[in-house]
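Beneath this line is the structure, given in structure tokens, with notes to follow.
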Amino acid sequence: MRLDDRFEDLLGSLRGFYRTWYVFTGLELGLFDALRDAGTAGLTAAELAARTGVEPALAGRWAWGADAFDLVETADGRIRVLGDVGTVLLDADRPEFLGGQFQFAAVGSLDYDRLPDVFRTGRPALARPDRYRVAIERLTVQDVAVFFQEVLGALPQIVADLRSGARVIDVHSGGGRWLIAMARRFPGLALTGIEFEPDSVARALANIAEAGLAGEIGVEQGSMLAIGHVAEADLVYFQYALHQLPDPVGTLRSAWAAVRPGGWLVALDWYLPTAPDELRSAHGELIAGVQLDEVVQGTRLVTATEALGWFAAAGLPRPELVDLPSGASAIVVHLG
Ligand SMILES: C[S@@+](CC[C@H](N)C(=O)[O-])C[C@H]1O[C@@H](n2cnc3c(N)ncnc32)[C@H](O)[C@@H]1O
């Protein structure tokens, strides 16, 4: 690459860093929401400030910067959010949704001052703060969309098996967003979340109560290894969790024991690409970014081959690996 081109290339990364913070600020403060609600009429900076509680002069400065970063358009003193920007940043039920990824990248990076030390010593920074798990809950909103639009599309038999009364366990269920979405999509399911982190259990219970679904969804605190469900579930599900667990093989064994005849075990996750072309792609860069996040806390993304190895080591029947259009993959086992 010519030096000028390399300069532009690296400069692009710096611009991306600042752009991320304009996006994060706009999401956190509801600026994008307010602008989208205003439609093509747009808002003045004063109106934007009044609707979001932002200090008026700073609302104007945010809009100026967001315009520089091609997120909004300002003309005749009125600010409008670009339609496609609103879709990608705000529409949480679409697989293209990136709002949660921006929030995760910004909040997670607050801990990256520890990275040099972790790389030097090989010792992870121990616990992440609660704000991190709140960001994870936003990040995995995208996984919920991927599950409904891609996993269920690829596995219609699961949809047929999720009749009213079917029992579903979400292993390490975080803030409970998948459970809530399942209760809405398939009324009459008996849904249980198992969650290890006390603050995530508390958030899940609050989210479930707010959704009016406390009667349909229970949450048990602990590790799947310690909570002994046996031959009772029609679907046992892992969402973006298996790779973070200290004992994935043991957890898979416990999870498989919870599946009843005719039932399913599905693990949705994002795997490290192995082919050079896949690695040196936008998807590869994103996965490399997430891997950096895992380094901080001493967990790691793995390749699909390594994950399949966990299933074999746990003694499960040969799983099916389903690669999905979003770049995520589902590993699926059916107890026939
Ligand atoms: C990235 S979160 C995913 C949460 C949820 N499934 C979602 O999609 O939002 C990973 C999960 O791994 C679990 N986990 C992390 N470390 C763990 C540990 N040491 N023991 C048991 N579970 C752990 C957490 O409880 C957390 O729910």
Side-chain angles (χ1 to χ4, degrees), residues 6-7 9-25 27-28 98-143 172-175 195-203 221-225 238-251 269-274 276 278-307 309-310 327-328:
R6 180 58 79 192
F7 178 84
D9 165 46
L10 289 170
L11 192 62
S13 301
L14 263 181
R15 295 201 315 263
F17 172 84
Y18 288 120
R19 195 181 198 211
T20 293
W21 284 99
Y22 272 95
V23 170
F24 172 80
T25 309
L27 290 173
E28 284 290 303
L98 285 182
Q101 294 233 26
F102 274 100
Q103 286 170 309
F104 167 76
V107 172
S109 73
L110 299 175
D111 300 331
Y112 292 1
D113 58 336
R114 306 172 189 185
L115 273 171
D117 200 44
V118 174
F119 274 105
R120 234 179 260 125
T121 63
R123 277 196 307 277
L126 291 173
R128 306 291 293 266
D130 290 358
R131 67 179 181 223
Y132 176 76
R133 288 177 285 279
V134 174
I136 285 277
E137 189 184 323
R138 293 183 182 150
L139 173 74
T140 57
V141 162
Q142 188 188 20
D143 293 331
H172 296 294
S173 49
E195 176 50 51
F196 182 71
E197 296 146 349
D199 62 308
S200 294
V201 172
R203 270 186 296 103
Q221 202 216 316
S223 144
M224 186 69 193
L225 287 167
F238 289 83
Q239 179 172 279
Y240 196 63
L242 197 54
H243 72 269
Q244 290 205 347
L245 303 181
D247 181 3
V249 173
T251 307
D269 220 319
W270 299 79
Y271 294 110
L272 291 181
T274 45
E278 235 191 300
L279 180 65
R280 296 185 198 114
S281 64
H283 177 69
E285 287 181 5
L286 202 59
I287 292 289
V290 175
Q291 183 73 301
L292 207 55
D293 194 85
E294 305 268 337
V295 166
V296 173
Q297 65 205 8
T299 55
R300 64 189 193 105
L301 296 178
V302 297
T303 62
T305 309
E306 284 175 274
W310 293 336

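Numbers here are sequence positions counted from 1. Computed from heavy atoms alone, side chains included, the values below leave out hydrogens, waters and symmetry copies. Owing to the predicted nature of the structure, the values given are computational and were not obtained by experimental measurement.
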Distance-only donor-acceptor hits, side chain of residues 11-23, under 3.5 Å, sequence neighbours excluded:
| residue | atom | partner | partner atom | Å |
| --- | --- | --- | --- | --- |
| Arg19 | NE | Phe69 | O | 2.9 |
| Arg19 | NH2 | Phe69 | O | 3.0 |
| Thr20 | OG1 | Gly16 | O | 2.9 |

On a heavy-atom basis, which atom in Pro273 and which in Ile287 lie closest, and how many Å separate them?
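The pair with the smallest heavy-atom distance is CD-CG2, 3.9 Å.
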For Thr299 and Gln244, work out which heavy atoms get closest and say how close.
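Scanning both residues, the minimum pair turns out to be CG2-O, 3.7 Å.
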Identify all side-chain donor-acceptor contacts of residues 112-124 below 3.5 Å with residues at least two apart in sequence or on another chain.
| residue | atom | partner | partner atom | Å |
| --- | --- | --- | --- | --- |
| Tyr112 | OH | Asp293 | OD1 | 2.6 |
| Thr121 | OG1 | Asp117 | O | 2.8 |
| Thr121 | OG1 | Arg123 | N | 3.0 |

Relative to each other, are the rings of Phe196 and His172 parallel, tilted or perpendicular (30° and 60° limits)?
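Perpendicular.
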Residues which pass side chain to side chain contact (heavy atoms under 4.5 Å, CB included) with [X], listed by chain and number, not counting sequence neighbours:
{"X": "Arg6", "value": "Met1, Asp9, Leu10"}
{"X": "Val134", "value": "Arg138, Arg203"}
{"X": "Thr140", "value": "Ile136, Asp143, Gln239, Tyr240"}

Non-neighbouring partners of Glu306 that pass salt bridge (charged side-chain N to carboxylate O under 4.0 Å, His left out), sequence neighbours left out
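Partners of Glu306 by the salt bridge (charged side-chain N to carboxylate O under 4.0 Å, His left out) criterion, ordered by chain and then number, come out as Arg300.
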Determine whether a donor-acceptor pair (N or O, by modelled atom type, separation under 3.5 Å) exists between the side chain of Arg128 and the backbone of Val296.
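The answer is no, because no donor-acceptor pair under 3.5 Å joins these two groups.
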Under 3.5 Å, is there a donor-acceptor pair between the side chain of Gln103 and the main chain of Ala135?
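Here the side-chain-to-backbone pair does not exist.
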Contact between Thr305 and Thr274 at the side-chain level, heavy atoms closer than 4.5 Å - yes or no?
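With C-beta onward as the side chain, the pair stays apart.
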Decide if atom CZ of Arg280 counts as having more than 12 heavy atoms of other residues, nucleotides or ligands within a radius under 6.0 Å.
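Atom CZ in Arg280 is not packed in, count stays at 12 or less.
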